[in-house]
Amino acid sequence: HVNVVEPGGGLFQPGESLKLSCVASAASLDTYSMGWFRQAPVKKREVVSCISRYDGSSTYYRDSVKGRFTISRDNAKNSLYLQIHTLEPGDTAMYYCAADPEYKVGAVFCEAPAGFTFWGQGTQVSVSS
């Protein structure tokens with residue numbers, strides 16, 4: 001089992017930057033595909049970004065965050081990051097970090113959050129309008 005925690009949320013103003021962190025307990029985190037997902041009130045959970053196993057050479061972003069968000073991983077630190085360069089009110093949601101032992105990069109996989117095995121409890125990101 002992989003335990004995941006996601007510190008870094010909070011209340012922000014539009015235009016601010018934010019870096020979310022995810023720390024996993026897996027001894028071999030490099031073998032896991034990982035991703036960030038989010039869920040706003042009364043909405044279904046949606047993918048934000050995914051990153052491939054090992055060197056993380058392959059990534060996926062939903063259209064609304066392309067160019068604004070950057071996903072990265074540091075396997076030595078058992079960590080996953082989401083750098084949000086410019087927050088928008090539409091980014092308000094609970095953000096979740098997830099991991100899966102198989103390949104989960106690409107639209108067909110990243111757009112299906114139910115396919116990810118391990119999940120953190122989430123961190124709230126609120127952006128004022």
Side-chain angles (χ1 to χ4, degrees):
H1 188 268
V2 179
N3 293 314
V4 183
V5 294
E6 311 113 314
L11 179 61
F12 307 90
Q13 295 293 315
E16 288 191 272
S17 297
L18 169 66
K19 188 173 185 177
L20 298 179
S21 299
C22 169
V23 182
S25 63
S28 300
L29 188 64
D30 59 348
T31 66
Y32 290 80
S33 296
M34 301 190 74
W36 287 99
F37 298 81
R38 67 187 183 186
Q39 185 169 15
V42 200
K43 292 184 179 180
K44 294 183 177 180
R45 190 167 299 184
E46 64 183 23
V47 65
V48 176
S49 180
C50 294
I51 189 167
S52 62
R53 301 184 297 175
Y54 305 113
D55 63 358
S57 59
S58 297
T59 58
Y60 174 85
Y61 297 90
R62 71 178 302 104
D63 289 344
S64 63
V65 308
K66 288 181 179 178
R68 296 193 300 116
F69 290 20
T70 301
I71 190 171
S72 63
R73 64 189 301 160
D74 187 336
N75 297 325
K77 296 181 179 179
N78 280 7
S79 299
L80 176 74
Y81 306 102
L82 183 68
Q83 178 66 58
I84 305 175
H85 307 287
T86 307
L87 284 162
E88 298 178 352
D91 296 323
T92 296
M94 185 75 77
Y95 283 70
Y96 299 88
C97 175
D100 195 271
E102 299 181 1
Y103 178 80
K104 294 292 181 180
V105 181
V108 296
F109 298 107
C110 294
E111 295 288 353
F116 283 74
T117 305
F118 305 104
W119 292 80
Q121 289 190 315
T123 184
Q124 179 67 40
V125 174
S126 298
V127 186
S128 64
S129 60

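The residues of the chain are indexed from 1 along the displayed sequence. Treat the numbers as computed from the prediction; the structure is a model and nothing was measured.
To the nearest 0.5 Å, atoms OG1 (T59) and CD1 (I51) are separated by 6.5 Å. Rounding to the nearest 0.5 Å places CD1 of I84 at 11.0 Å from CD1 of I71. Rounding to the nearest 0.5 angstrom, the gap separating the CD atom in E16 from the NE2 atom in H85 is 15.0 Å. Put simply, OG on S126 and CE on M94 are 8.5 Å apart, with the number rounded to the nearest 0.5 Å. To the nearest 0.5 Å, atom CG of residue L82 and atom OG of residue S21 are 9.5 Å apart. Taking CD of Q13 as the start and CG of L87 as the end, the distance is 10.0 Å to the nearest 0.5 Å.
A side-chain donor-acceptor contact under 3.5 Å links R73 to the backbone of L29. Not a single donor-acceptor pair under 3.5 Å links the side chain of T117 to the backbone N or O of D100. The closest donor-acceptor contact from the side chain of R62 to the backbone of V47 lies under 3.5 Å. N78 contributes no side-chain N or O that, together with a main-chain N or O of V23, makes up a donor-acceptor pair within less than 3.5 Å. A donor-acceptor contact shorter than 3.5 Å is absent between the side chain of Q121 and the backbone of V5. Checked by atom type and distance alone, the side chain of T92 pairs as donor or acceptor with a backbone atom of V127 at under 3.5 Å.
Side-chain atoms of S17 and Q83, non-hydrogen and from C-beta on, do get closer than 4.5 Å to each other. Looking only at side-chain heavy atoms (C-beta outward), V4 and C22 come within less than 4.5 Å of each other. For the pair L20/E6, no side-chain contact is recorded, criterion being any heavy-atom separation below 4.5 Å from C-beta on. Side chains of R38 and V125 form no contact here, defined as non-hydrogen atoms less than 4.5 Å apart.
Among all heavy-atom pairs drawn from N75 and Y54, the shortest one is ND2-O, 2.8 Å. Contact between S128 and P89 at its shortest, heavy atoms only, is O-CG, 3.6 Å. Pairing each heavy atom of Y32 with each of A99, the nearest pair is CD2-CB, 4.2 Å. Between P101 and R53, the shortest heavy-atom distance links the atoms O-NH1, 3.3 Å. The two residues E102 and S33 come nearest to each other via the heavy atoms O-OG, 2.8 Å.
Using bins of under 30°, 30° to 60° and over 60° for the plane-to-plane angle, the ring pair W119/Y96 lands in the perpendicular bin.
Between W36 and F69, the distance from one ring center to the other does not fall under 6.0 angstrom.
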Please step through side-chain contact (heavy atoms from CB on, under 4.5 Å) for the pair E111 and Y60, ending with a clear verdict.
-> CA-CA 10 Å; E111 295 288 353; Y60 174 85; 2.5 Å; yes
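Side-chain heavy atoms closer than 4.5 Å link hydrophobic residues (I, L, V, M, F, W, Y) into clusters, and following such links, possibly through other members, connects M34 to Y61.
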